[in-house]
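So the structure is just underneath, and the comments pick up after that.
When reading the values below, keep in mind they use all heavy atoms of this one structure, side chains included, and skip hydrogens, waters and symmetry mates.
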Amino acid sequence: MKIGIIGAGNIGGNLTRRFTAVGHDVSVANSRGPETLKALAEETGATPVRVEDAARGAEVVVVTVPLKAVPDLPSGLFDGAAEGLVVIDTGNYYPRQRDGRIAGIEDEGLTESRWTERHLGHPVIKAFNGTYAQDLLDRPRPAGDPGRLALPVAGDDEAAKAKVRALIDEIGFDTVDAGGLDDSWRQQPGTPVYGLRAGTRAVTEALAQAPKERPADFRG
Ligand SMILES: NC(=O)c1ccc[n+]([C@@H]2O[C@H](COP(=O)([O-])OP(=O)(O)OC[C@H]3O[C@@H](n4cnc5c(N)ncnc54)[C@H](OP(=O)(O)O)[C@@H]3O)[C@@H](O)[C@H]2O)c1
């Protein structure tokens with residue numbers, strides 16, 4: 001499958017490694033340009049591209065940049081993508097350490113991914129946001145392995161969510177359906193499931209236990 005990855009940092013870099021390892025055709029972009037991605041390209045066989053070209057022909061695009069950078073992404077980002085494009089959002093809102101205060105999230109009460117979706121102008125599936133980047137490399141396990149970790153996945157389009165869940169299964173993790181995007185506060189920073197290294201049962205329980213109120217540490 002052709003996959004575009006926008007953001008080549010901790011998460012984008014390791015998703016590039018994992019998706020190429022299982023045979024996908026990956027294009028990857030960062031803010032500084034393809035010439036800065038030579039080492040990652042040589043290591044993985046991924047194609048370094050400009051952000052504007054990352055979605056070209058892609059069935060799946062992963063947006064994995066700091067939340068505050070989402071509004072800076074170029075318009076027409078998904079022009080030329082394959083029919084039925086699925087967009088994955090890995091983002092988290094860190095108002096104090098990184099992103100500054102975002103009114104749409106704090107005052108309007110949008111979930112972080114709904115806010116991102118509005119900026120991108122395309123539906124998103126929320127996945128990987130609570131996964132340690134290094135775990136993507138260190139902790140893949142075959143299906144059925146008792147130590148296999150589970151990741152929550154939220155989104156409104158059931159077919160798109162199924163596609164993302166199948167992709168995550170391919171790279172060595174179980175998934176739990178975490179509901180629609182308006183339910184995705186259950187997996188945002190500071191919730192019980194955020195950063196939880198556990199299987200499907202514990203992840204399902206943690207999602208159910210999430211308090212609705214945004215934790216103080218994650219308010220601007
Ligand atoms: N780190 C984790 O373990 C982890 C886990 C789960 C989720 N997340 C979330 O996933 C997102 C990405 O996290 P990360 O840790 O991978 O970030 P990171 O290491 O800081 O990498 C960010 C990447 O985004 C690129 N970028 C920034 N602005 C851009 C723009 N305007 N256009 C194109 N690319 C741009 C950067 O490119 P340049 O380097 O060229 O500037 C860099 O490649 C964040 O929302 C984070 O909270 C992180």
Nonpolar side-chain network containing [X], other nodes, edges under 4.5 Å:
| X | result |
| --- | --- |
| Tyr194 | Tyr94, Phe218 |
| Tyr132 | none |
| Leu120 | Ile6, Val51, Val61, Val63, Val65, Leu67, Val70, Leu73, Leu77, Phe78, Leu85, Val87, Tyr93, Ile102, Ile105, Leu110, Trp115, Val124, Leu181 |

Looking at [X] and [Y], would you say the former's side chain and the latter's main chain have a donor-acceptor pair under 3.5 Å?
| X | Y | value |
| --- | --- | --- |
| Asp135 | Asp138 | no |
| Thr36 | Arg32 | no |
| Asp183 | Gly180 | yes |

Checklist entry - Quick one: do Leu137 and Ile11 end up in the same hydrophobic cluster if we chain Ile, Leu, Val, Met, Phe, Trp and Tyr together by side-chain heavy atoms under 4.5 Å apart? => result no

Distance from [X] atom [atom1] to [Y] atom [atom2], nearest 0.5 Å?
| X | Y | atom1 | atom2 | value |
| --- | --- | --- | --- | --- |
| Thr20 | Ile5 | OG1 | CD1 | 8.0 Å |
| Ile3 | Asp25 | CD1 | CG | 8.5 Å |
| Phe128 | Asn14 | CZ | CG | 11.0 Å |

Can you find a heavy atom in the side chain of [X] that is under 4.5 Å from one in the side chain of [Y]?
| X | Y | result |
| --- | --- | --- |
| Phe19 | Val60 | no |
| Pro140 | Arg18 | yes |
| Val153 | Val176 | no |
| Arg186 | Pro152 | no |
| Ile168 | Val164 | yes |
| Thr116 | His119 | no |

Item to check | Derivation of the side-chain contact (heavy atoms from CB on, under 4.5 Å) call for Leu167 and His24 | outcome: CA-CA 10 Å; Leu167 193 55; His24 293 293; 3.5 Å; yes

Checklist entry - Has Glu213 got more than 12 heavy atoms of other residues, nucleotides or ligands less than 6.0 Å from its CD? => result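 At most 12 heavy atoms, drawn from other residues, nucleotides or ligands, come within 6.0 Å of this atom.
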
Residue list, side-chain contact (heavy atoms from CB on, under 4.5 Å) with [X], at least two apart or on another chain:
| X | result |
| --- | --- |
| Arg201 | Glu205 |
| Ala206 | Pro192, Val193, Leu196 |
| Ala103 | Arg101, Asp107 |

For residues [X] and [Y], report the shortest heavy-atom separation together with the two atoms involved.
| X | Y | result |
| --- | --- | --- |
| Ser184 | Ala154 | CB-CB, 3.8 Å |
| Ala54 | Val49 | CA-CG2, 3.7 Å |
| Leu136 | Leu15 | CD1-CD2, 3.8 Å |
| Val28 | Gly7 | CG2-O, 4.4 Å |
| Ser27 | Lys2 | OG-NZ, 3.2 Å |
| Ser113 | Lys126 | OG-NZ, 3.0 Å |

Give every residue pair that meets the side chain to side chain donor-acceptor pair (under 3.5 Å) criterion with at least one member in [range], sequence neighbours excluded.
| range | answer |
| --- | --- |
| residues 48-61 | Arg50-Asp53, Asp53-Arg56, Glu59-Lys163 |
| residues 65-77 | none |
| residues 141-158 | Arg114-Asp156, Arg148-Asp169, Arg148-Asp174 |

Checklist entry - Are the charged groups of Glu106 and Arg219 less than 4.0 angstrom apart, N to O? => result no

Could you work out, with side chain to side chain donor-acceptor pair (under 3.5 Å) as the rule, every residue matching [X], not counting sequence neighbours?
| X | result |
| --- | --- |
| Asp99 | none |
| Arg98 | none |
| Arg118 | none |

Item to check | Option passing side chain to side chain contact (heavy atoms under 4.5 Å, CB included) with Val62 (candidates Ile125, Ile88, Asp89) | outcome: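 Testing Val62 for a side chain to side chain contact (heavy atoms under 4.5 Å, CB included) against Ile125, Ile88, Asp89 leaves exactly one candidate, Ile88.
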
Item to check | Worked check of side-chain contact (heavy atoms from CB on, under 4.5 Å) between Leu151 and Arg165 | outcome: CA-CA 9 Å; Leu151 316 187; Arg165 295 180 71 183; over 6 Å; no

Item to check | Audit row: Trp185, Glu112, side-chain contact (heavy atoms from CB on, under 4.5 Å) steps and yes/no | outcome: CA-CA 8 Å; Trp185 52 269; Glu112 295 165 16; over 6 Å; no

Checklist entry - Does the side chain of Asn129 pick up a donor-acceptor pair with the side chain of Gln187 at under 3.5 Å? => result yes

Checklist entry - Will you find, in the side chains of Thr64 and Thr90, an N or O donor that is under 3.5 Å from an N or O acceptor? => result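 There is such a pair (donor and acceptor under 3.5 Å, judged by atom type) between the side chains of Thr64 and Thr90.
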
Checklist entry - Could you walk me through whether Glu43 and Arg17 pass the side-chain contact (heavy atoms from CB on, under 4.5 Å) check? => result CA-CA 8 Å; Glu43 178 194 338; Arg17 292 180 175 93; 2.7 Å; yes

